[in-house]
Amino acid sequence: MVRSGNVRGLGTAAVAAAIALATCAAPRAARADGTGEANAPKAGGPASTKGQAVAVVVEGAHADQVAGWIEDRVRAPDTLKDGDVFRGVLGAKGALPLRRAADSAVRDVDLLVRTRAAAKEAGIDRTILVDVRKTPHATRIHVWHIDTQTGSALVDSDVSLPPSATAIEESRVVLALAPRPTALPASAPAPASAPASAPAPAPALVPAPVLDPRPDPDRVLSPSPPPPPGATLALEAALGMGTRHFSYVQRVTPTLRPYGLDAAPLVSVSGVVYPLAITRVPVLRDLGIEGDFGRAFGIASEDSSGAHVGTTWQTFDVGVTGRVPLVKTFVADLRAGYGGDDFQFTQALAGGSASLPSVAYRFVRVGADLRYTLARFTASAGFAYLDVLSSGYTAQLFPHGTVGGVEADVGLSYAIASHWSASLRGGYTRMFYSFNPVPGDAAVAGGALDEQVRVLAGVAYRM
């Protein structure tokens with residue numbers, strides 16, 4: 001049994017050994033539908049083993065040929081389930097495409113959980129999953145042989161062949177890694193007096209080769225795995241603190257007041273959905289729709305004389321995102337959307353809100369995040385440019401001004417269960433003004449900076 005044997009760049013000798021093991025296995029088997037040559041144990045032969053329901057799903061290059069070779073080895077008393085039907089059940093559980101699990105230790109663990117759930121629903125005891133990927137440099141084959149009763153991977157291995165590998169060569173290597181689910185005992189005693197005309201029993205299956213017994217440090221099997229970065233839906237609720245500091249540059253008009261908010265409690269809800277994630281279309285399955293809303297509560301502002309002014313602060317965003325797997329466990333998220341950031345004051349102070357930096361930003365956000373996953377931890381960092389369309393009252397106060405913005409954020413999350421994670425993240429927003437005053441303006445200043453900082457702790461659900 002191979003557990004997490006991650007073999008890269010399999011040499012010619014190893015390929016030859018794998019093919020030899022495959023070709024010396026039992027001859028073509030009887031299919032569950034009764035076709036092919038029956039190879040069930042004869043009376044007086046090796047002891048029978050209870051049959052199991054088996055399903056085979058293969059994705060990638062030469063999928064039909066590779067699947068056919070594996071299915072032809074399912075022999076009585078085992079029964080073969082319809083692979084296309086089971087593929088649909090796997091897709092409904094979010095277990096496809098297999099390539100994601102082959103690229104990520106976290107997704108690999110999640111695949112075991114989702115496959116077990118799908119198999120229970122479909123009444124399947126063993127599943128053999130294969131992903132075949134051809135690149136200009138190699139043909140990469142990943143094989144999972146999963147005992148769906150326990151959820152454990154009897155085989156979870158990666159093999160690389162030359163890029164010119166044929167379907168026959170790929171199939172032979174897969175057969176060497178994915179043994180027949182119910183193998184006859186290799187050490188079964190011979191019958192005391194077998195009839196002279198009785199055919200010899202089928203040879204015992206050679207065990208799958210242990211291509212690399214050393215554990216892969218990037219692949220972790222845990223009873224309560226974290227959700228995959230390629231989730232279909234993610235929802236998060238968070239609570240934290242926020243600050244705001246607005247300062248003028250080259251202020252000439254004395255009634256223009258800077259503003260400082262040291263800390264205010266914030267609440268935030270956000271979500272993202274990938275509506276085509278269960279499909280096999282390479283680009284569309286990683287396109288998502290996201291949104292978030294945040295609001296501060298319990299804010300009270302006052303000036304140096306103690307005069308109070310009502311204050312509200314809220315933000316929102318809607319947009320689209322696209323996941324781009326870079327390397328194993330490394331994913332980029334490209335984002336574009338429309339958002340708003342409102343920090344408003346009432347007319348309570350002398351002179352009204354004209355002296356206070358009340359804003360209502362509306363902007364187009366374009367940016368990217370990078371996420372790295374190791375075991376149950378995921379670290380992220382992102383940057384975005386804000387194309388500010390309007391800024392509210394400050395635009396009326398400084399009609400010749402321009403404003404732009406940038407954002408940066410970092411985060412760390414920990415998977416506490418198969419679908420749940422806890423996170424801590426921080427964000428920084430910087431709006432920069434150039435007022436370009438002209439003679440006759442009511443308010444005169446060279447520019448301003450509006451800086452906001454947010455720190456939030458949250459809980460997320462992914463599926």
Side-chain angles (χ1 to χ4, degrees), residues 55-60 63 81-124 126-131 133 142-153 156 219-236 270-290 320-325 328-329 331 333 371 373 375-376 378 413-421 423 459-463:
V56 178
V57 174
V58 181
E59 292 189 341
K81 294 289 187 176
D82 189 303
D84 291 336
V85 173
F86 185 60
R87 181 192 300 275
V89 180
L90 281 177
K93 295 294 182 181
L96 298 178
L98 299 176
R99 182 168 299 180
R100 294 178 179 174
D103 286 339
S104 166
V106 174
R107 294 171 180 170
D108 183 276
V109 176
D110 188 78
L111 175 66
L112 301 183
V113 176
R114 294 176 187 266
T115 301
R116 184 183 185 189
K120 284 187 175 181
E121 182 176 319
I124 294 172
R126 297 286 180 94
T127 60
I128 298 174
L129 311 178
V130 182
D131 178 69
R133 182 187 315 182
H142 198 109
V143 180
W144 296 266
H145 185 178
I146 303 172
D147 180 351
T148 53
Q149 300 300 313
T150 64
S152 62
D156 189 350
R219 194 174 294 282
V220 180
L221 296 180
S222 71
S224 182
T232 304
L233 172 69
L235 300 172
E236 183 183 56
S270 60
V272 57
V273 61
Y274 296 85
L276 301 177
I278 63 174
T279 71
R280 303 174 66 183
V281 182
V283 177
L284 296 181
R285 67 191 180 196
D286 288 316
L287 291 179
I289 303 170
E290 62 181 355
V320 295
T321 182
R323 297 181 293 213
V324 182
K328 185 177 181 180
T329 72
V331 178
D333 293 302
R371 289 182 288 128
T373 300
R376 291 174 173 267
T378 298
S413 66
Y414 177 77
I416 55 181
S418 61
H419 296 284
W420 294 91
S421 62
S423 65
V459 177
Y461 174 80
R462 301 174 188 270
M463 61 175 293

Any Leu129 side-chain heavy atom under 4.5 Å of Leu90 side chain: yes
Contact check, side chains of Leu233 and Val272, non-hydrogen atoms, under 4.5 Å: no
Arg87 (side chain) donor-acceptor with Val58 (main chain) under 3.5 angstrom: yes
Nearest atoms (heavy-atom pairs only) where Ile124 meets Lys81: CG1-CG, 3.8 Å
Heavy-atom donor-acceptor pair, Glu290 side chain to Gly271 backbone, under 3.5 Å: no
Test item: side-chain donor near acceptor, Glu236 and Ser423, under 3.5 Å: yes
Heavy-atom side-chain proximity of Leu284 to Asp286 below 4.5 angstrom: no
Check ion pair Arg100-Asp131 (N to O, under 4.0 angstrom): no
Residues His145 and Asp156: side-chain donor-acceptor under 3.5 angstrom: no
Nearest heavy atoms of Ala417 and Arg376, plus distance in Å: N-NH1, 4.3 Å
Modelled atom types, side-chain donor and acceptor of Thr378 and Thr373, under 3.5 Å: yes
Minimum-distance pair of heavy atoms, taken over all atoms of Pro275 and Val273: CD-O, 3.3 Å
Non-hydrogen side-chain atoms of Trp144 and Asp108 separated by less than 4.5 Å: yes
Straight-line distance of Arg371 CZ to Asp333 CG, nearest 0.5 Å: 4.0 Å
Geometric cation-pi criterion, Arg323 with Tyr274: 6.0 Å, 45°: yes
Partner residues of Tyr461 under the ring-ring contact (aromatic ring centres under 6.0 Å, His included) criterion, sequence neighbours left out: His419, Trp420
Identified salt bridge (Lys or Arg N to Asp or Glu O under 4.0 Å) partner of Glu121 from the options Arg114, Lys93, Arg116: Lys93
Contact summary for Arg107 and Val331, nearest pair of heavy atoms: NH2-CG2, 3.9 Å
Heavy-atom side-chain contact between Leu98 and Leu111 under 4.5 Å: yes
Student check: side-chain heavy atoms of Thr127 and Phe86 closer than 4.5 Å: yes
Reported CD1-to-OG1 distance for the pair Ile146 and Thr115, which is rounded to 0.5 angstrom: 4.0 Å
Flag, side chain of Thr148 to backbone of Ala119, donor-acceptor distance under 3.5 Å: no
Partner set under salt bridge (Lys or Arg N to Asp or Glu O under 4.0 Å) for Arg133, not counting sequence neighbours: Asp103
Nearest-0.5 Å distance, OG of residue Ser421 to CD1 of residue Ile416: 7.0 Å
Arg462 (side chain) donor-acceptor with Ala234 (main chain) under 3.5 angstrom: no
